Protein chains: 4
Amino acid sequence: MEFNNNKPIYLQIADYVFDKILSGEWTAGERIPSVRELGANLQVNPNTVVRTFDFLQGESIIFNKRGIGYFVAEEALQRIVKLNRAKFFSSQLPSMFKTMNALGISCTEILTQYEDFIKQ
Amino acid sequence: MEFNNNKPIYLQIADYVFDKILSGEWTAGERIPSVRELGANLQVNPNTVVRTFDFLQGESIIFNKRGIGYFVAEEALQRIVKLNRAKFFSSQLPSMFKTMNALGISCTEILTQYEDFIKQ
Amino acid sequence: MEFNNNKPIYLQIADYVFDKILSGEWTAGERIPSVRELGANLQVNPNTVVRTFDFLQGESIIFNKRGIGYFVAEEALQRIVKLNRAKFFSSQLPSMFKTMNALGISCTEILTQYEDFIKQ
Amino acid sequence: MEFNNNKPIYLQIADYVFDKILSGEWTAGERIPSVRELGANLQVNPNTVVRTFDFLQGESIIFNKRGIGYFVAEEALQRIVKLNRAKFFSSQLPSMFKTMNALGISCTEILTQYEDFIKQ
DNA sequence: GTGGTCTAGACCACC
DNA sequence: GTGGTCTAGACCACA
């Protein structure tokens with residue numbers, strides 16, 4: 001996996017987990033890979049994965065059974081959607097509108113870009 | 001001036017300079033405040049302003065006359081717009097599209113939000 | 001390490017890094033000493049080393065892995081040679097020719113000196 | 001006059017004076033332009049010219065008659081040549097040889113460049 | 001552990 | 001006065 005330099009790796013791993021759950025690959029109640037396993041898989045220090053799991057557990061998206069591993073929470077899917085939608089509408093979108101305004105970028109430009117993005 | 005904790009202060013000062021130039025308050029060839037002056041003005045350590053000016057000079061937005069001060073470059077305005085547009089289209093927009101996709105947010109939803117934003 | 005007063009220390013440290021890479025002591029992909037380590041080693045404030053590394057990263061001679069350290073870039077060697085050659089032919093050489101001209105120093109005189117230099 | 005950023009302006013003005021004397025335009029015993037005159041002429045702060053003249057007087061290349069102005073010293077020409085030759089052979093040349101060595105630049109390359117330089 | 005940022009204060013060359 | 005550099009020491013996010 002390749003990591004973006006603008007965002008902490010542990011959050012990018014969280015996004016990776018989100019993808020797995022949103023896509024249905026990992027379902028509620030299912031055990032997810034261990035810290036070491038995922039670390040080796042993504043070529044990342046296990047400590048970094050620990051941090052991701054800490055974060056996800058704090059958001060009640062995964063939970064821990066001591067000595068066994070981490071599991072996808074029941075409400076994981078809804079929580080992820082909720083979490084991301086909230087962030088999207090409260091922070092990502094307004095900041096985008098602001099820079100659009102400042103740079104004189106029109107909505108039609110965005111729509112064109114979006115169509116290009118979909119086609120890929 | 002109040003600073004956001006998510007972004008280095010020296011880059012926020014760069015944004016401040018961008019604003020001044022984009023708004024036409026500081027024009028090409030004009031001298032801008034000295035490191036010490038701006039530092040005192042924004043309640044920031046002069047060294048932090050030095051760092052901002054280093055960055056802006058690297059981007060050819062300001063230039064230096066030794067012993068005199070910093071001046072707005074001729075092409076400053078265009079460079080700023082170009083810089084910001086590049087960042088917008090290469091990083092901000094794609095990341096937005098990705099989360100839109102993941103969360104099933106449609107373009108029409110965005111447009112509605114945009115109209116609300118404009119009205120404010 | 002002893003530093004020359006005519007040139008900023010952080011650039012002299014850059015030259016030190018250049019030497020290490022040109023001599024093959026540090027090879028592409030290899031991790032280089034940390035800011036603190038090199039600072040202690042060269043008896044220089046770590047911040048000064050930070051500045052060197054900033055410069056070298058800007059020139060794409062080293063790159064950074066967050067939380068891990070700095071590494072020699074793949075193309076480092078070529079870039080260093082290119083950088084130094086550019087500086088030599090665009091600035092050092094013409095200024096030498098100019099003073100040769102002004103002082104009436106001939107090429108043969110230079111060649112003699114060069115042979116002496118080689119012998120040492 | 002255009003100034004190079006690598007060298008203090010006051011020393012570049014000194015080079016300008018050297019040129020005038022070496023070319024015979026200003027001869028021994030002759031009065032040279034006043035600080036204000038030269039400052040206006042070269043678009044430089046008069047204080048900077050003062051510094052140049054200080055330096056030149058220290059090197060006994062010009063001398064001062066109070067209330068009248070600065071004059072070219074008798075031995076000016078020889079001193080300039082001596083000064084520049086000394087600097088050339090003791091510092092400029094060795095440093096050039098060093099970088100030639102480090103970058104693998106041969107003498108023939110230099111000679112070719114020199115011929116190009118002469119033709120201009 | 002790593003680098004990134006910031007402050008405070010100092011000294012310097014230069015204009 | 002200006003910027004350029006350096007030190008010392010601090011706090012932080014990240015791996």
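In what follows, every chain begins at residue 1, and chains take the letters A, B, ... in the order their sequences are listed. These numbers come from a predicted model, not from an experiment.
- A pairwise comparison of heavy atoms in V35(B) and P46(B) identifies CG1-O, 3.2 Å as the closest pair.
- If you check every strand for non-hydrogen atoms under 4.0 Å, N64(B) touches sugar and phosphate atoms only.
- Of the options V49(A), V44(A), N4(A), a side-chain contact (heavy atoms from CB on, under 4.5 Å) to I9(A) is made by V44(A) and by none of the others.
- Rounded to a whole Å, the OH atom of Y10(A) is 12 Å from the C1' atom of dC12(F).
- Spacing between atom CZ of F3(A) and atom P of dA15(F) amounts to 9 Å, rounded to whole angstrom units.
- Look at dC14(F): its Watson-Crick or wobble partner, with both distances under 3.5 angstrom, is dG1(E).
- Each of E37(B) and N47(C) was assigned the nucleotide of DNA chain F with the nearest heavy atom; the assignment lying further toward the 5' end belongs to E37(B).
- Of the residues near DNA chain E, D54(C) and R36(B), the one whose nearest nucleotide (by heavy atom distance) lies more toward the 5' end is D54(C).
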Evaluate side chain to side chain contact (heavy atoms under 4.5 Å, CB included) for F18(B) paired with L83(B), printing each intermediate quantity in order. CA-CA 11 Å; F18(B) 286 173; L83(B) 207 71; 4.0 Å; yes
V50(D) and Y10(D): side chain to side chain contact (heavy atoms under 4.5 Å, CB included), yes or no, with the steps? CA-CA 9 Å; V50(D) 167; Y10(D) 82 96; over 6 Å; no
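- Taking a heavy-atom distance under 4.0 Å as the criterion, the stretch of DNA chain E touched by chain C extends 5' to 3' from dG1(E) to dC6(E).
- Among the atoms of the strands shown, none is found under 4.0 Å from any heavy atom of V44(A).
- Here D15(C) pairs with K7(C) in a salt bridge; the nearest charged N to carboxylate O distance falls below 4.0 Å.
- dA13(F) atom C1' lies 14 Å from atom CD1 of I68(C), rounded to whole Å.
- Both V50(C) and G67(B) lie near DNA chain E, and the one whose nearest nucleotide falls closer to the 5' end is V50(C).
- Within the 4.0 angstrom heavy-atom criterion, base atoms lie near N45(C).
- Closest non-hydrogen pair, V72(C) versus W26(C), comes out as CG2-CB, 4.1 Å.
- Both I32(B) and R51(A) lie close to DNA chain F; mapped to their nearest nucleotides by heavy-atom distance, the more 5′-ward contact belongs to I32(B).
- If you check the side chains of Q92(D) and S95(C), you find a donor sitting under 3.5 Å from an acceptor.
- Contacts of F53(C) with the nucleic acid, taken as non-hydrogen atoms under 4.0 Å apart, are absent.
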